[in-house]
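Notes for the one structure printed next.
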Amino acid sequence: MEFSVKKGGTGTQIKGSFSRSACHMRRVPSAGSSELQLSPESPRVQSDAPPSSLHHSCAPLTPSGSSISLHHHHYQWIMPYLTQQTLTIQTQSENVTVVLRLSEMMKPESVLMHPLGTAAAPEPELLCIFGTGDLGRSLGQRLLQSGYRVVYGSRRPHSCGPLPQGAQVMSHAAAAAQSARLIFICIHREHYAFLETMAPHLEGKVLVDISNNLKKDMYPEANAAYLQRLLPDASVVKGLNTLSAWALQNGLLAGKQVFLCGDSAEGKQAVAAMSTKLGLTVLDKGSLSAARELEDFPLQLFPEWRLPLRVAVGLTAFFFFYLLIRDVIYAYVEQGKDISYRITMALGNKVFPIVSLIMLSLCYLPGVIAAFLQLYRGTKYRRFPDWLDRWMLCRKQMGLIALGFAFLHAIYTFVISTRYAVRHKLISRVVDEMKKNKTTPFDFDNTEAWGQDSFYMLGILGFFLYVLLGLTSLPSVGGSLSWREFNFIQSKLGHLTLIICTSHGYIYGWNKFLRPSTYKWYTPPGYMLCLVVPSVVLVLKALVLLPCVDRTLTRIRQGWERTQPNEEMVQATNLYVW
Ligand SMILES: NC(=O)C1=CN([C@@H]2O[C@H](COP(=O)(O)OP(=O)(O)OC[C@H]3O[C@@H](n4cnc5c(N)ncnc54)[C@H](OP(=O)(O)O)[C@@H]3O)[C@@H](O)[C@H]2O)C=CC1
Ligand SMILES: [Cu+2]
């Protein structure tokens with residue numbers, strides 16, 4: 001806050017500014033001789049130093065305009081230096097409201113000082129809350145702590161239970177008649193009807209509707225719209241409904257985002273100012289017609305995770321039963337062997353990498369589908385179908401779930417060879433071979449060694465890149481990257497990860513593809529099935545990268561259109577698309 005004070009007699013002019021924590025003053029050089037003496041040596045006094053220290057270091061201001069900054073505790077110390085001037089400074093706790101008044105009639109000794117919180121400070125704004133329930137109480141407490149005065153409107157003002165200290169309680173009508181402009185409606189929607197009878201008291205007030213419902217579409221209209229219909233002469237603002245009584249009570253508000261909507265700009269502004277004071281970050285969602293959307297927010301449960309989780313659960317279940325039949329049940333039926341112990345470890349370590357690889361490729365599939373769609377349409381100015389849009393929006397979550405499954409696969413792989421069943425099989429094989437009196441029981445197969453080493457190498461590299469992708473998808477990491485860096489990692493490295501992980505799968509089956517015993521009951525093994533989607537994605541991606549295709553696509557993405565839209569076309573598109 002800038003201020004300027006002029007003293008007519010001597011022509012002294014002081015200019016300065018007040019901020020939240022400091023007062024900064026300087027004498028304007030052009031002024032004539034002046035008694036104003038501020039310390040040029042201590043331009044910033046921020047401690048609770050006694051006035052004498054200032055006094056001692058006091059020296060006349062040089063004409064070039066030295067300055068002094070004072071903590072707001074120290075406003076009073078300025079007084080002695082502003083001789084023959086009266087300065088009334090009123091500070092109101094943290095939010096410094098400063099009123100500077102200059103009166104030539106008053107001597108410095110009679111300077112008026114108002115310490116913090118006395119009656120002369122401007123009264124804190126009064127806010128009204130209807131309803132003394134959980135939310136009403138927590139909100140009131142938070143508002144009181146933020147320096148507001150609070151009055152409650154209640155059905156039973158004399159028996160409504162404990163309320164935050166310092167708040168008043170009265171009947172709804174009496175509370176509405178107070179000076180508060182903002183009234184928070186902390187009442188369930190079912191009980192709104194009585195408010196209609198109070199319409200005359202609520203005229204011109206800003207009613208903040210915080211209510212939520214238990215389910216979506218419980219009522220034909222949004223709660224806030226209903227409230228506005230009951231009270232057409234009040235301005236209803238919907239908002240803050242994503243807060244909980246618990247968060248309010250525990251002060252977990254700093255930086256939290258809240259949404260507002262309403263038809264009255266001033267109403268919204270008042271609520272936004274109050275919310276900012278509580279430490280909230282406000283996002284204006286527009287007119288009251290957005291109330292429905294706002295009321296649905298608290299009912300959402302990880303919306304962007306829903307599709308990826310469904311895909312993950314679906315794939316896991318499918319492959320689990322598929323492999324159960326192919327491995328365990330097949331062995332039991334055809335060979336009479338019970339290998340059901342494999343369900344826990346061996347089967348898991350087949351299902352997890354399969355689901356992981358398919359989900360990773362599902363992250364990149366919508367991108368190539370979109371590219372082909374743009375190529376086919378010859379324009380980028382037509383909307384993608386909804387399913388593709390939704391799919392594109394949850395790629396990050398798909399990728400993170402894929403990473404989770406890759407983690408499980410890595411851990412399982414570590415343990416798998418230490419198992420009893422594996423050791424037993426290995427030793428029995430050795431003993432068998434010895435019994436058969438073979439001279440070289442350990443035939444070294446060079447190709448096998450190469451195959452396995454490459455398999456592990458690709459697995460480790462793929463997993464490393466996987467983790468890298470996962471890390472950059474974290475907002476704190478991704479936010480520190482430029483768009484090009486982010487794009488490089490998510491697209492180039494992402495596809496590289498897909499290539500490496502797919503090769504990992506191919507190498508696993510390299511010598512089994514043509515073996516008839518691989519196809520038990522005429523079904524391909526799981527790892528073969530899981531290679532289908534990634535292979536398709538990689539082939540499509542390779543097609544997109546062909547120079548001729550890539551050139552056309554780049555042009556389309558820069559706004560070029562194959563057919564210039566003429567009027568007929570536009571009409572046709574409108575018919576088909578909308
Ligand atoms: N609790 C929470 O965390 C959150 C709640 N909300 C919303 O805030 C609103 C209030 O919730 P909450 O405080 O938890 O509910 P409570 O049931 O704890 O409190 C509701 C209050 O409404 C008043 N009331 C009850 N019946 C009537 C009636 N027939 N006529 C007039 N007033 C009545 C009562 O106050 P009195 O006795 O003083 O009249 C009562 O204390 C709801 O719409 C809820 O959806 C929104 C976000 C979070
Ligand atoms: Cu693997």
Side-chain angles (χ1 to χ4, degrees), residues 128-142 151-163 167-173 175 184-198 207-215 218-219 222-224 226-227 230 238-250 252 256 258-259 294-295 297-299 348-357 360 402 405-414 416 452 454-464 466 500-509 526-527 530-531:
C128 177
I129 299 177
F130 277 8
T132 55
D134 294 334
L135 185 71
R137 259 179 284 141
S138 321
L139 180 66
Q141 183 192 351
R142 186 60 37 199
V151 57
Y152 282 97
S154 171
R155 290 166 302 168
R156 301 163 289 141
H158 303 294
S159 59
C160 59
L163 288 175
Q168 291 174 282
V169 204
M170 29 191 107
S171 69
H172 290 115
F184 297 88
I185 311 293
C186 297
I187 299 173
H188 289 280
R189 177 205 164 114
E190 305 88 81
H191 309 308
Y192 277 6
F194 86 96
L195 290 167
E196 202 172 10
T197 61
M198 309 220 1
L207 305 183
V208 188
D209 182 311
I210 315 188
S211 63
N212 286 319
N213 296 326
L214 293 175
K215 295 201 291 277
M218 249 173 101
Y219 300 100
N223 300 352
Y226 170 55
L227 185 64
L230 289 177
K238 176 84 208 180
L240 310 184
N241 58 317
T242 45
L243 295 178
S244 67
W246 185 81
L248 279 163
Q249 198 150 30
N250 292 286
L252 304 171
K256 207 169 153 70
V258 290
F259 304 97
L294 262 62
E295 283 168 16
F297 275 142
L299 294 174
N349 203 27
K350 282 183 179 178
V351 172
F352 296 142
I354 288 175
V355 176
S356 177
L357 184 58
L360 182 68
F405 277 89
F407 246 114
L408 285 175
H409 174 43
I411 298 170
Y412 267 61
T413 305
F414 264 120
I416 216 115
Q452 235 184 48
S454 323
F455 167 71
Y456 279 121
M457 183 268 295
L458 288 169
I460 293 168
L461 274 185
F463 184 64
F464 169 74
Y466 238 123
I500 290 183
C501 293
T502 311
S503 337
H504 175 69
Y506 271 108
I507 289 196
Y508 176 73
Y527 65 86
C530 91
L531 287 172

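All values derive from a computational prediction rather than experimental measurement. When a ligand or atom number is given, it counts from 1 through the structure's own listing order.
Classified by interplanar angle (parallel below 30°, tilted 30° to 60°, perpendicular above 60°), the ring pair H504/F455 is parallel.
Expressed to the nearest 0.5 Å, how far CD1 of I411 lies from CG of N349 amounts to 10.5 Å.
Note: F352 and Y412 meet the aromatic proximity criterion, with ring centroids under 6.0 Å apart. The aromatic ring centres of F407 and F463 sit less than 6.0 Å apart.
Around the Cu ion (ligand 2), the protein atoms of type N, O or S found under 2.8 Å away are H409 NE2, H504 NE2, listed by chain and number.
Across P298 and N212, no two heavy atoms sit closer than the pair CG-OD1, 3.3 Å. The shortest non-hydrogen separation linking A175 to G153 is CB-CA, 3.8 Å.
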*Could you go step by step and tell me if L243 and V258 meet the side-chain contact (heavy atoms from CB on, under 4.5 Å) rule?*
CA-CA 8 Å; L243 295 178; V258 290; 3.9 Å; yes
Short N or O contacts of ligand 1 with protein, under 3.5 Å, listed by atom name?
unit_1	atom_1	unit_2	atom_2	d
ligand 1	3 (O)	A245	N	2.8
ligand 1	13 (O)	D134	N	3.2
ligand 1	13 (O)	L135	N	2.8
ligand 1	15 (O)	H188	NE2	3.0
ligand 1	17 (O)	H188	NE2	3.4
ligand 1	18 (O)	D134	N	3.0
ligand 1	26 (N)	R155	NH1	3.3
ligand 1	26 (N)	H191	NE2	3.4
ligand 1	29 (N)	H191	ND1	3.2
ligand 1	35 (O)	T132	N	3.2
ligand 1	37 (O)	R155	NH2	3.0
ligand 1	37 (O)	R156	NH2	3.0
ligand 1	38 (O)	T132	N	3.2
ligand 1	38 (O)	T132	OG1	2.5
ligand 1	38 (O)	S154	OG	2.6
ligand 1	39 (O)	R155	N	3.1
ligand 1	39 (O)	R155	NE	3.0
ligand 1	41 (O)	G133	N	3.0
ligand 1	43 (O)	I187	O	3.1
ligand 1	45 (O)	N212	N	2.8
ligand 1	45 (O)	N212	O	3.2

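Not one N or O on the side chain of E295 forms a donor-acceptor pair closer than 3.5 Å with the backbone of S211.
Inspection of the Y226 and D209 side chains reveals no N or O donor paired with an N or O acceptor under 3.5 Å.
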